Structure formats: structure tokens, C-alpha cells
Amino acid sequence: DVKVTQSSRYLVKRTGEKVFLECVQDMDHENMFWYRQDPGLGLRLIYFSYDVKMKEKGDIPEGYSVSREKKERFSLILESASTNQTSMYLCASSLMDRAGDTQYFGPGTRLTVL
Amino acid sequence: QKEVEQDPGPLSVPEGAIVSLNCTYSNSAFQYFMWYRQYSRKGPELLMYTYSSGNKEDGRFTAQVDKSSKYISLFIRDSQPSDSATYLCAMRYGGATNKLIFGTGTLLAVQP
């Protein structure tokens with residue numbers, strides 16, 4: 001069974017803290033993605049990675065960085081958390097470019113920045 | 001203008017009703033169309049996908065794509081309270097990228 005796990009379901013951090021969100025998939029997928037989900041705005045892509053050590057910016061990369069040292073793990077880093085980064089963060093993974101293949105999502109991390 | 005438009009709802013229907021959920025899009029290059037279901041406090045899960053125009057049926061669910069009108073629909077027959085969730089449409093281009101463009105989601109409530 002497909003499995004994407006995220007390190008925390010709920011996280012509360014203070015402004016200025018460095019925050020790490022971890023995502024692990026056990027499906028040997030090449031692609032991994034980080035989204036944030038906000039009411040009225042839907043899912044917005046922050047970064048994605050199509051291979052180990054490879055990354056590409058999504059639509060809203062400002063204030064975030066990512067790390068992919070192993071195929072199964074993709075980390076999202078908030079270098080200096082701000083209140084406008086309070087959101088639901090979703091990780092997803094997929095196989096590389098196969099028609100009909102799609103993204104499998106983790107349960108999400110609800111991050112609150114105070 | 002957003003690439004993908006979706007009515008946020010909420011949409012409330014009685015149990016057993018036929019539900020119609022819709023998205024419009026502006027980019028004719030989209031080739032793959034998907035519907036995700038997201039229960040409260042969970043990640044989205046794939047419900048249906050279609051390639052190009054046409055219909056696809058899976059049990060009580062039918063996905064419909066009209067590329068000429070840039071319009072996609074999801075129909076739910078005999079809706080159940082367990083169908084209560086947010087439904088997200090998503091689209092992708094053909095080619096090497098697996099990047100998806102999502103609608104904002106429609107919140108559906110099926111009343112028993």
C-alpha cells in the first residue's frame with residue numbers, strides 16, 4: 001500500500017525559528033513535492049524534486065528551502081519562520097512521468113507560527 | 001485570472017442526490033485531469049483521472065472532460081454522508097513534468 005508520512009501532524013513555532021518538516025515515502029518514487037494549503041487559495045506548490053539532490057522552485061518558494069539527500073526523504077525548511085507561513089503543509093510523491101500516474105499525499109502538517 | 005477555477009461551495013445535498021462538481025480552466029495545453037477527495041484533517045487522495053476529452057466511470061463516480069469548453073466535471077450518484085469532503089480538481093500538462101495545477105476545492109456536505 002502506498003505510504004507517504006510526515007514527521008508531525010501539528011507544530012507550533014515562534015517567529016524567527018528555523019523549522020524542519022520531514023516527509024518520507026516508501027514507494028520508490030522519483031518525484032516529491034511540497035505544497036501549502038490555505039483556505040480560498042487551494043494547494044500551492046512550494047518546491048519539488050525529481051531526483052536525489054535535485055530541486056526546482058514551485059510557485060511560492062520565497063522563505064523556504066528544501067533538501068533531498070535520499071530518494072525516500074524530502075525536507076522542507078523554513079529558515080526564519082514568519083506568521084504568514086502559518087498553514088497546512090502537504091507532501092506528495094509520484095513516479096516520473098507516466099500517464100495516469102499521479103501524486104500521493106501525506107496526511108499534512110498543520111504549522112502555526114506565533 | 002487563475003489557471004483553474006472551482007466554486008468553493010459549500011454545497012449541501014440530501015442523501016441519495018446526484019452531485020455535480022465542476023472546474024473550468026484557461027490553458028488548452030492541459031492533457032491529464034484528476035479529481036482528489038480530501039476529508040477533514042487528511043491529505044488529498046486520488047479519486048478519478050482522465051486523459052483528454054471523454055467520460056470515465058468508477059462505481060458511483062463519473063468524471064467528464066470537455067476540452068473544447070475547457071470544462072471538467074465530477075458526478076456522484078446516490079450520494080452518501082461518507083462522501084462529505086472537499087473535492088479538488090487537478091490538471092497537468094503532458095511531457096516530462098508531473099507538476100499539477102489544483103483548483104481551490106469544493107466543500108460538499110451530504111445530509112442524512
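Numbered from 1 within each chain, the chains take letters A, B, ... in sequence-line order. Not measured: the values here are computed from a predicted model.
- Residue B/Q6 does not touch chain A at all, counting heavy-atom pairs closer than 4.5 Å.
- Heavy atoms of A/D59 lying under 4.5 Å from chain B belong exclusively to its side chain.
- Of all heavy-atom pairs between B/R41 and A/R9, the closest is O-NH2, 2.5 Å.
- Contact check for B/Q38 versus A/L90: side-chain heavy atoms found under the 4.5 Å cut-off.
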B/Y36/A/Q103 under side chain to side chain contact (heavy atoms under 4.5 Å, CB included): CA gap, chis, key distance, verdict: CA-CA 10 Å; B/Y36 282 81; A/Q103 295 180 20; 3.8 Å; yes

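- When the shell of 6.0 Å around NZ of B/K42 is examined, it contains 12 or fewer heavy atoms from other residues, nucleotides or ligands.
- Put simply, B/L107 and B/F61 are part of two different groups of oily side chains (I, L, V, M, F, W, Y) that touch within less than 4.5 Å, one to the next.
- A/M88 and A/L11 end up in different hydrophobic clusters when Ile, Leu, Val, Met, Phe, Trp and Tyr side chains are linked at under 4.5 Å.
- The shortest side-chain heavy-atom distance between B/L100 and A/F48 does not fall under the 4.5 Å cut-off.
- Only the side chain of A/Q37 comes within contact range of chain B, judged by heavy atoms closer than 4.5 Å.
- The side chain to side chain contact (heavy atoms under 4.5 Å, CB included) check on B/S73 picks up B/N22, B/Q64, B/Y71, B/F75, with sequence neighbours excluded.
- Closest approach of B/T104 to A/L41, counting heavy atoms only: CG2-C, 3.8 Å.
- At a 4.5 Å heavy-atom cutoff, A/Y89 makes no contact with chain B through either its backbone or its side chain.
- If you measure heavy-atom distances from B/P44 to chain A, the contacts under 4.5 Å come from both the backbone and the side chain.
- Hydrophobic cluster membership is shared by A/Y35 and B/L88, with clusters built from Ile, Leu, Val, Met, Phe, Trp and Tyr side chains linked at under 4.5 angstrom.
- Note: the hydrophobic cluster containing B/I101 also contains B/M48 (ILVMFWY, side chain heavy atoms under 4.5 Å, direct or indirect links).
- Placement of A/L76 and A/L45 in two distinct hydrophobic clusters is found when ILVMFWY residues are connected by side-chain heavy-atom separations under 4.5 Å, directly or transitively.
- Heavy atoms closer than 4.5 Å to chain B are found in both the backbone and the side chain of A/L43.
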